[in-house]
Amino acid sequence: MSVRVRFAPSPTGDLHIGGVRTALYNYLHARHTGGVFVLRIEDTDQARNSEESLKTIKEGLAWCGLGWDDGPYYQSKRLDRYKELAKQLEEKGRAYWKTDPEKGTALHFKLEQGQQKFTDLVHGTVSFMYTGEPDFVLLRSSGFPTFMFANAVDDHDMNITQVLRGDDHLSNTPKQLQLFQAFGWTPPDYGHMPLIFDPNGAKLSKREIEMYRSIGLPVTVSECQRLGYLPEAIVNFLALLGWSPGNNLELMTLEEMVKLFTVERIGSTPARFLVDKLQWMNGQYIRKCPLDRLVELCRPYLAGKYDLGKVEAETLKEAVRQQQERLKRLDEIVPLTKFVFLPAVEYDEKAVAKWLKADGGKAILEELRAGLAPRERFEKEPVENLLKAVAEKRGVKLGKVAQPLRVALTGSDQSPPMHETLAILGKERVISRIDSTLKML
RNA sequence: GCCCCCCUCGUCUAGAGGCCUAGGACACGGCCCUCUCAAGGCCGGGACAUGGGUUCGAAUCCCAUGGGGGGCGCCA
């Protein structure tokens, strides 16, 4: 039978990083086997569902490059089907109505007690012992089905062959298996993948989002976007949280992952989500990114902070180019290009003290001004020659003469190579910034 | 409370009885490159949770203990 897998989120919030990984593994399995990837929306909780969340999920999957082949199907549109099947169970004597004084009358499934065994795709044989395991609800008093029920029914109706989901569902599986048994259906194979933990080893929690944000840890797709991560990096990183191709290969495109992915190689140990490696990986993808695309990726961050209205396209492009190998996150472009896009220099006092106010800083700057003034353009060779000449004449190292200029032009002791810094600022700004710095000293 | 899952460097992992004096990556430290910061290159420290078995031989198999996590909702 050809493979059919699904991603079945409930539209009750942002698309979570754990959800992305679940979607990814199902997507990879489908693509690897030439199967079909189904999207199903489990919107049976009227109170918590939202249109906006649905939109977020679809856009989030698209952003990650995880397209589905079939669906989306909506459980809210299949209520009749669930009711019909529930009735069958009732007629078979496997379900009964019970009234809760607070919540109303709901249909319950009669759970068989005793040993429950099944073979999990990632854990192997798993065996449960049900002693006083309570019966679970099939239909709520509202008439809506529960997850346990609708989810199993849909997996059957949609001919799902493998269910790849989080370990948090492992304990529920025997119950759903009993449902399949009661209907006389063949169940799909289940594979439960390890949970993703936060840096403290606890389950990722929505409540901690502020703390996560403060350490640059994106736990939802919108956080990924906000914090300047590339989808390639997120997908690549998440793929490696619980799966490995086994040959020391780490940087992979989606296509490569598709080729390499097998569910046998999904691990069984929970993984902590730390930001370090993700940032490194993001930097790798930023460096590989074609410049034109990188400019567009950076533009919103810059536009949010600077007035780009009068900035020439070439300047913007060059500013981004200069920082490409320094970025780990897109949002870092903002502080790094401050010297280009802000009209006035913001001086770092420590840098000023170290390079300009100390021994000969001012004299060096004056000398460089004299050397720079006759030039219209600042190319690599002439600039380097000038710096070297000044350094030699004074018997000091290159850094001794480059740094004062750097601080005068950018306010900081860190910037792209001198000739690039000069070139992007242009003659006029170079001279005026040197002059106003000199005046200040 | 009951049931279940997990346990290799700080982190992600490779490892399916001898290939392991345990490999890779991130992070960390050092060096090189160098006008700064990065990037890049090289080197280094760093792990089989513990205790019992099984076996000629165990990170790999079994059992306990410890630790971590999950499930037991008219949430999904």
Side-chain angles (χ1 to χ4, degrees), chain A residues 8-13 19 42-45 47-48 98 100 102-108 116 120 122-123 126-134 136-148 150-151 165-175 192 194-195 197 199-203 237 240-251 264-265 267-281 283-284 287 322-328 332 336 351 355 383-384 387-388 391 397-407 410 412-419 421:
Chain A
S10 64
T12 55
E42 307 219 332
D43 51 353
T44 59
D45 185 343
R48 296 202 302 151
K98 196 173 117 188
D100 180 291
E102 307 255 302
K103 300 167 184 165
T105 305
L107 189 66
H108 290 63
Q116 317 286 321
D120 187 272
V122 346
H123 293 286
V126 189
S127 172
F128 291 78
M129 184 52 71
Y130 282 180
T131 48
E133 200 70 18
F136 62 90
V137 171
L138 261 15
L139 292 181
R140 303 184 249 238
S141 48
S142 64
F144 276 67
T146 57
F147 157 80
M148 204 72 86
N151 179 266
R165 48 160 41 162
D167 254 343
D168 47 345
H169 291 291
L170 189 63
S171 305
N172 292 327
T173 307
K175 300 179 186 178
H192 291 89
L195 264 14
F197 291 161
N200 301 321
K203 202 169 113 177
F237 179 79
L240 262 16
L241 235 45
W243 172 78
S244 156
N247 52 2
N248 288 343
L249 194 59
E250 297 210 299
L251 259 18
E264 295 78 57
R265 291 202 61 89
S268 56
T269 65
R272 280 186 207 210
F273 182 11
L274 264 53
V275 83
D276 286 350
K277 194 161 183 170
L278 172 62
Q279 286 204 343
W280 166 78
M281 204 172 258
Q284 294 292 314
R287 260 156 259 141
Q322 288 183 354
Q323 305 297 156
Q324 182 161 18
E325 66 182 18
R326 298 179 219 311
L327 295 175
K328 283 205 196 67
E332 291 166 349
L336 289 172
W355 298 107
V383 169
E384 279 178 359
L387 294 175
K388 271 183 208 154
K397 287 190 181 170
L398 254 190
K400 236 353 188 207
V401 346
Q403 288 302 74
L405 179 57
R406 175 167 277 122
V407 177
T410 69
S412 154
D413 55 6
Q414 299 169 18
S415 85
M418 223 45 254
H419 68 279
T421 302

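What you see is a predicted model, and the numbers here were worked out from it, not measured in a lab. Lettering of chains follows the sequences in order, A, B, ..., and the numbering in each one begins at 1.
- Within the nucleic acid shown, Asp45(A) comes within 4.0 Å of sugar-phosphate atoms alone, with no base atom in reach, counting heavy atoms only.
- Remark: A16(B) base-pairs with no nucleotide in the shown strands. Criterion, Watson-Crick or G-U wobble with two distances under 3.5 Å.
- Residues passing the salt bridge (charged side-chain N to carboxylate O under 4.0 Å, His left out) test with Asp413(A): none are found, sequence neighbours excluded.
- By the salt bridge (charged side-chain N to carboxylate O under 4.0 Å, His left out) test, Glu325(A) is found to be paired with no residue, residues two or more places apart in sequence or in another chain being considered.
- Heavy atoms of Ser415(A) sit under 4.0 angstrom from at least one base atom.
- The C1' atoms of G1(B) and G17(B) are separated by 40 Å, rounded to the nearest whole Å.
- C9(B) and G23(B) have their C1' atoms separated by 12 Å, with the value rounded to a whole Å.
- Using a 4.0 Å heavy-atom cutoff across all strands shown, Leu387(A) reaches no nucleic acid atom at all.
- Distances shorter than 4.0 Å separate none of the side-chain N or O atoms of Gln284(A) from OP1 or OP2 on A38(B).
- Counting non-hydrogen atoms under 4.0 angstrom, Gly242(A) reaches the backbone sugars and phosphates but no base.
- Residue-level contact check: Ser412(A) touches neither bases nor backbone, having no heavy atom under 4.0 Å from any strand.
- Between the side chain of Arg406(A) and the base of C35(B), at least one donor-acceptor pair of N or O atoms lies under 3.5 Å.
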